[in-house]
Structure formats: C-alpha cells, structure tokens
Amino acid sequence: MKNIAVFGSGTMGNGIAHVFALNGFQVQLFDKEETILARAIQTISSNLDRQIKKNIITVEQKESTLQNIKTETLISSISKSTDLVIEAIVENKLAKISLYNELLPLLNPNFILATNTSSISITELAPKSHSDKFIGMHFMNPVPMMELVEIIKGHLTSEETLSTIVSLSVALKKKPVAVNDYPGFIANRILMPMINEAIFALYENVATAQDIDQVMKLGMNHPMGPLALADYIGLDVCLSIMEVLYSGFSDSKYRPCPLLKKMVASGNLGKKSGIGFYTYNT
Ligand code: NAI
C-alpha cells in the first residue's frame, strides 16, 4: 500500500489524510470545492503545528506530511495506481453509493474501498462487484490523536481485505478492533444513545447543558460532557447515526430526541457551524 485517495476533507477526511501522509503514504485528498480543500489543508497545517509544540513530530515531518498530500476536486484525477480509497463524505447512504458507482470504473479491480461511515451497514453499502474488497475503517475524532480504528467486516468482506486493513492500521500506529456489521457497530451503538439521552435531559429541562456535561465529567470521569462531544462530532452526524440505529433495530429506544432534530433543521450543527449546545468562534 502506497497510494491512498481520501474522499471528503471535512472533520474526518482531513484527519485521515493527515495521519496517512505523516506515515509516508502519498495521499490525494478530494472534495467538492477548492475553498473546502484549502480550509482542510489549513486545518492539517495547524494540527501539525500542535504536534510539533508537543514534541510528537519535527518541523521536517510537518513539511514532508504536507508534501505528501495533493488536493483534487475532479474524481477523474484519481491516480490509476491507487491502492486504497477511504470515503469520508456525508453520512448519507445514497451519496456514498453514488460516489462508489463513479469511482469503480476508474480504478483497477484490486483496490480496497474503505468507508469511514459511523453507522451505515457495510453490507448494504458494498458495491456488488467489489464486496470482497469493501470494508469499514472507522477512525475516531480527532483522527491524529485517537488510537482506535474500528474495523467493520461486511457479510462479503474477504479475510484478506480484513487482514490488510488491520495491518495497515497498525502501520499508522493505531489500535484496530475488528467487529461485525450491526447498526452503529460498537462505538456508536453505545455512545450515541448516551448523547441522545443527554439531549433528552436538556429537552425535558432536567438541567442546563453545562450542568449535564458537568455531571458526566465529574461523576463518570468522561474527559468531555456528552453535549460538548455532540457539538464536536456534528449534530447532523449524531442525528444520522440515531436514525440508522432507530431503523436498523426497529426499536423505539433509539428514537432521536426532537430537540436534536430541530437543531439540525435550523442549521445549528455544533462546532462546525459555530452554534450547537454551546457557541464557538469559527
Ligand atoms: P463533514 O460534513 O465534516 O465533511 C464531509 C465532507 O465531504 C464535506 O467537506 C463535503 O463537502 C464532502 N463531500 C460530500 N460529498 C462529496 C463527494 N461526492 N466527493 C467529495 N467530497 C464530498 O463530515 P465528517 O464529520 O467528516 O463525516 C464524514 C464521515 O465520517 C461520515 O460518514 C461520518 O459519519 C463519519 N464519521 C464522523 C465522525 C465525527 O466525529 N464527525 C467520527 C467518525 C466517523
């Protein structure tokens, strides 16, 4: 594995590109517009600066990391020698499938296609002609800092694809955990209902956002409260995951809180839009 293409340069895509490029891979980073890509490179650059300050990397490593990333807006610019595509676009099944349909004819049949989806079924997303080489590679946010990669094996993912992606995660200095394909996998099956419950507590006026978060930080030793974490993840992403859990398990315990739905409809998506449960300088 040498040549990687990352689709989507938002919260997750820029972190994924950062980690691959830092570890010597050649990365093509795709998004819809130049301005979005310019912002992603700016974010990667300041995150690398933070790693220099903490003595995790050197100035030379920052330079080589940035040199290893090429930004692209046209899918047709994808290198024919791409070994691995990581898709990190919006959490929407149709959008992801439509991207795969465009991609498949452009590459040789041996490439592995990995999705960073938080919750959508890997088996349902898998393109029929490529299902043995399709896998979930679920990085955690913020990607450069978080060790875990949840690796999700779809019903038809081959053992060879699984072992390649497990080894690759180790090469990125991450800790892979392989799981089977059920809604929300492990991380979000447990995390999102907790966040949704915290939103219900706010909706029912049990306490303020600050106090709900304080209880979970001081009482449960969580580094961040659930509402601050929801803002950080993106409320649209949280809602999409709850909807996948709700429909995937057909169980009312996963119904998204009306307040979460209302905030997403209003465009208050958390940190990325400047307003969520808290306000941010964007
Ligand atoms: P985001 O909204 O920050 O970024 C998505 C990016 O994809 C945007 O820049 C958008 O312009 C771009 N995009 C959309 N369609 C595209 C296409 N056809 N080609 C190229 N670029 C396209 O979203 P975020 O938060 O980075 O999420 C991406 C994926 O990662 C989702 O599947 C999400 O569920 C998953 N994820 C998100 C986490 C989080 O904490 N935000 C954590 C782990 C996974």
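Throughout, numbering of the chain's residues begins at 1 and tracks the sequence. Just so you know, ligand 1 is whichever comes first in the structure, and atom 1 is the first atom listed for that ligand.
- The contact set between ligand 1 and Thr117, taken as ligand atoms under 4.0 Å from a residue heavy atom, comprises 32 (O).
- Looking only at distances, a side-chain donor or acceptor of Asn196 sits under 3.5 Å from a matching main-chain atom of Cys257.
- The ligand atoms of ligand 1 that sit less than 4.0 angstrom from a heavy atom of Lys96 are 31 (C), 32 (O).
- Scanning all heavy atoms of the two residues, the minimum distance from Ala207 to Leu202 falls at O-CD1, 3.6 Å.
- At least one N or O atom of Ile233 sits closer than 3.5 Å to an N or O atom of ligand 1.
- Under a hydrophobic clustering in which Ile, Leu, Val, Met, Phe, Trp and Tyr are joined whenever their side-chain heavy atoms come within less than 4.5 Å, directly or via other members, Phe134 and Val244 fall into the same cluster.
- Using a 4.0 Å cut-off between heavy atoms, Thr11 contacts ligand 1 through both its backbone and its side chain.
- Looking at atom 20 (C) of ligand 1, its nearest protein heavy atom turns out to be Asp31 CA, 3.7 Å.
- Residues Ile56 and Gln61 come closest through the heavy atom pair O-OE1, 4.4 Å.
- Judged by distance alone, the side chains of Lys62 and Ser45 do bring a donor and an acceptor atom under 3.5 Å apart.
- Looking only at protein heavy atoms, the nearest one to atom 15 (N) of ligand 1 is Lys32 CE, 3.4 Å.
- Side chain of His138 to main chain of Leu148: no donor-acceptor pair is present (N/O by atom type, distance under 3.5 Å, no hydrogens or angles).
- For the pair Glu124 (side chain) and Lys93 (backbone), a donor-acceptor distance under 3.5 Å is absent.
- Any N or O atom pair closer than 3.5 Å counts here, and Val237 shares no such pair with ligand 1.
- Of all atoms in ligand 1, numbered sequentially from 1 with element shown, those under 4.0 Å from a heavy atom of Ile36 are 9 (O), 11 (O).
- Lys80 places no side-chain N or O within donor-acceptor distance of the main-chain N or O of Asn108, the cut-off being under 3.5 Å.
- Glu91 and Thr117 are linked by a side-chain donor-acceptor pair at a separation below 3.5 angstrom, with hydrogens and angles left out of the test.
- Among all non-hydrogen protein atoms, the one lying nearest atom 37 (C) of ligand 1 is Met12 CG, 3.3 Å.
- Under 3.5 Å, the side chains of Ser79 and Asn3 contain no donor-acceptor pair of N or O atoms.
- At a heavy-atom cutoff of 4.0 Å, ligand 1 is contacted by the backbone of Phe139 but not by its side chain.
- Nearest to atom 19 (N) of ligand 1 by heavy atom, out of Leu103, Leu29, Ile89, Val244, is Ile89.
- In this structure, the protein non-hydrogen atom closest to atom 32 (O) of ligand 1 is Glu91 OE1, 2.6 Å.
- A side chain to side chain contact (heavy atoms under 4.5 Å, CB included) with Glu150 is found for one member of Asn116, Ile186, Val177 and no other, namely Ile186.
- The contact set between ligand 1 and His138, taken as ligand atoms under 4.0 Å from a residue heavy atom, comprises 43 (C), 44 (C).
- Taking atom 2 (O) of ligand 1 as the reference point, the nearest protein heavy-atom neighbour is Lys272 NZ, 3.6 Å.
- Among all non-hydrogen protein atoms, the one lying nearest atom 5 (C) of ligand 1 is Ala88 O, 3.9 Å.
- Using a 4.5 Å heavy-atom cutoff, the side chains of Ile89 and Phe30 are not in contact.
- Not a single heavy atom of Gly234 lies less than 4.0 angstrom from ligand 1.
- The shortest N/O to N/O separation between Glu87 and ligand 1 does not fall below 3.5 Å.
- Residue contacts with ligand 1, taken as heavy atom pairs separated by less than 4.0 Å, do not involve Glu33 at all.
- Of the polar atoms of Asn116, at least one N or O is found under 3.5 Å from an N or O of ligand 1, judged by distance alone.
- Ranking the protein heavy atoms by distance from atom 4 (O) of ligand 1 puts Gly10 CA, 3.3 Å first.
- For a threshold of 3.5 Å applied to N or O pairs, the pair formed by Ser118 and ligand 1 contains at least one separation below that value.
- Below 4.0 Å from some heavy atom of Asn141 lie the following atoms of ligand 1, by number and element: 39 (C), 40 (O).
- None of Thr208, Ile212, Asp213, Leu235 except one satisfies the side chain to side chain contact (heavy atoms under 4.5 Å, CB included) rule with Phe277; the exception is Leu235.
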